[in-house]
> 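If you scroll down you'll find the structure; I have some questions about it.
Please read these numbers as outputs of a predicted model, since none were measured by experiment.
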Amino acid sequence: MAGLRLGPLLRHVDWDTGRSATIWVEADRPCTAEVRCADGAGGRARTFQIAGHHYALVPVSGLTPGATTAYEVLLDDRPVWPLPESGFPPSTITAPAVTGPGRPGPGLRVTFGSCRQAAPPAGRRGPHGADALDTLAARLAADPEAARPDVLLLLGDQVYADALSRETRAWLAARRDLREPPGAQVADYEEYTRLYYESWLDPEIRWLLSTVPSLHIFDDHDVIDDWNTSAAWLAEMRATPWWRERVLSGLMSYWVYQHLGNLSPAELAADAVYEAVRQTPDGTDVLQAFASAADADPATTRWSYRRDFGRTRLLMVDTRAARVLAEDGRAMLDPAEQQWLRENALAGHGGYDHLLIGSSLPWLMPPLIHDAETWNAALCRGERGPRWARIGEDLRRRSDLEHWAAFPASFAALTDLIEEVGTGPRAPATVCVLSGDVHHAYVAEPRIPSTARVFQLTCSPVHNSIHTAVKWGFRLGWSRMGRWLGRGFSLHGRTGRPPLNWRRTGGPWFGNQLMTLALSGRTARLRLDQARKKREGAVLVTVLDRELTAAD
């Protein structure tokens, strides 16, 4: 009999018709996966095989717009979900109400964050504290009537391939010699599956992901710290005997566990790789060839995607695999990706009230860090000579100087696009860049002559920690003294002033946390909740609740 190894995860829910969704599962053998809903909706799919693992993305049709229905999962007609005596409420699918073209439609609640380690890595001093996502799940499970997010945006570092828990490290040690590279880091596809089991088998997380739709994008730790930080870094990694297996396995597992669920049923139907994988008894070679092409040439695939939620548009942008790394043409996004972002931001301009740009890496950073990254980019491309270029490359890797500011032309292009979209009578009410990565949360606003309110909303980590020295470094980065020091970097690197100014209007906040953006009509409200341990257990404490569209 087939058993359920992982899932179900509720992924895509259709906001155009309110009648369809997709649910992802992993089984322990080939089988037919079926979803049956209490209201008669449902769907079936045969599993496909990758490296001895069996997966299905089940299309669910026949949902009732505006209604919530419980569902169960069956494998070869045998019920496997919900788990017996789980103690959790039924897993449900909530189909949005559809009101017709051009009408406001229902409100939207987007909860987002990044950087979630299921358990602290071996050797790390001190615990990470309460897991914000786990705490959210426990709160929602305890109160089934509580308002739930309409979608979770997981903005990178869903798994840590290079920082393993004590339990996973012991599992690896029983499998291979950790004295051989890459040591106590994942090496292949099978070891990646272990990371997802460790993260997604947590009972609270498993229930939450079964009932709240989630959209994902990767960041560096999903593959390795500093992934694609520079051309020199990449050349060194490609010269090692273990890197090729590592990066291909990272991309393959991301495609299976995260990327497929980001796509709509129509996009899945048009996806040649998905079709080929499902049409062969073992899709490993097909998927590996796809990953190899994607790693060799970013232009061969697109990890970025667009979702429209009524009159809110989300553009989730790949800021890792789409990079151009040559120092003389360095860019966060390759030309095709940049054009895709522009076209989708401007398509139907005036037809949406809010534009959300999901970027794992913040666009607006603490000013000192922004100036340091721009300075570093100038050094690395040789503005101060070969010696400073070598120093710059070393600093770039040691200090993670690789955000939008480290790609000055890309920073300027994104700034220009946001100003263009946000200006004029057809502008949306808000343009929000949603980011994570930097292990603190803040709100920043640029000083640009836009009609829309423009925000950088950064929330990280969901479950991680930050060294005290780094925390004080971020505080300095936001300070007046930090701005003054940043000007010194600009003078030395001959970089000039940034193409815009911005100010911090919230934070910085440190801790395990989640942001929720509530959008209704042309209004937007932001809430920040932190997970804190109390005597009675972990709780979410609201530290910010602010309307973004209100006049200052």
> Apply salt bridge (charged side-chain N to carboxylate O under 4.0 Å, His left out) to Arg313 and list each qualifying residue two or more places apart in sequence or on a separate chain.
Asp308
> I'd like to know whether the aromatic ring centres of His259 and Trp303 sit less than 6.0 Å apart in this structure.
yes
> Which atoms form the tightest heavy-atom contact between Ser359 and Ser435, and what is the distance?
O-OG, 2.9 Å
> Over 60° means perpendicular and under 30° means parallel, so tell me whether Trp15 and Phe309 are parallel, tilted or perpendicular.
perpendicular
> Any sub-3.5 Å donor-acceptor pair from Arg426's side-chain atoms to His349's backbone N or O?
yes
> Hey, are Tyr160 and Asp225 close enough side-chain-wise for a donor-acceptor pair under 3.5 Å?
no
> Do other residues, nucleotides or ligands put more than 12 heavy atoms under 6.0 Å from the CZ atom of Arg504?
yes
> Tell me if the CZ atom of Arg342 is crowded by more than 12 foreign heavy atoms within 6.0 Å.
no
> Anything under 30° is parallel, anything over 60° is perpendicular, the rest tilted; go ahead and classify Phe88 against Trp207.
parallel
> Between Phe218 and Tyr254, how do the two ring planes meet: parallel, tilted or perpendicular, split at 30° and 60°?
tilted
> Just say parallel, tilted or perpendicular for the rings of Tyr55 and Tyr257, cut-offs at 30° and 60°.
perpendicular
> Counting N and O atoms only, with roles assigned by atom type, does the side chain of Ser304 sit under 3.5 Å from a partner on the main chain of Asp318, one being a donor and the other an acceptor?
yes
> Backbone N or O of Gly436 within a donor-acceptor pair of the Ser460 side chain at under 3.5 Å?
no
> Compute the ring centroids of Tyr71 and Trp81, then answer whether they are less than 6.0 Å apart.
no
> So does Gly129 get a backbone contact from the side chain of His463, meaning a donor-acceptor N/O pair under 3.5 Å?
yes
> Less than 6.0 angstrom separating the ring centers of Tyr196 and Trp24, yes or no?
no
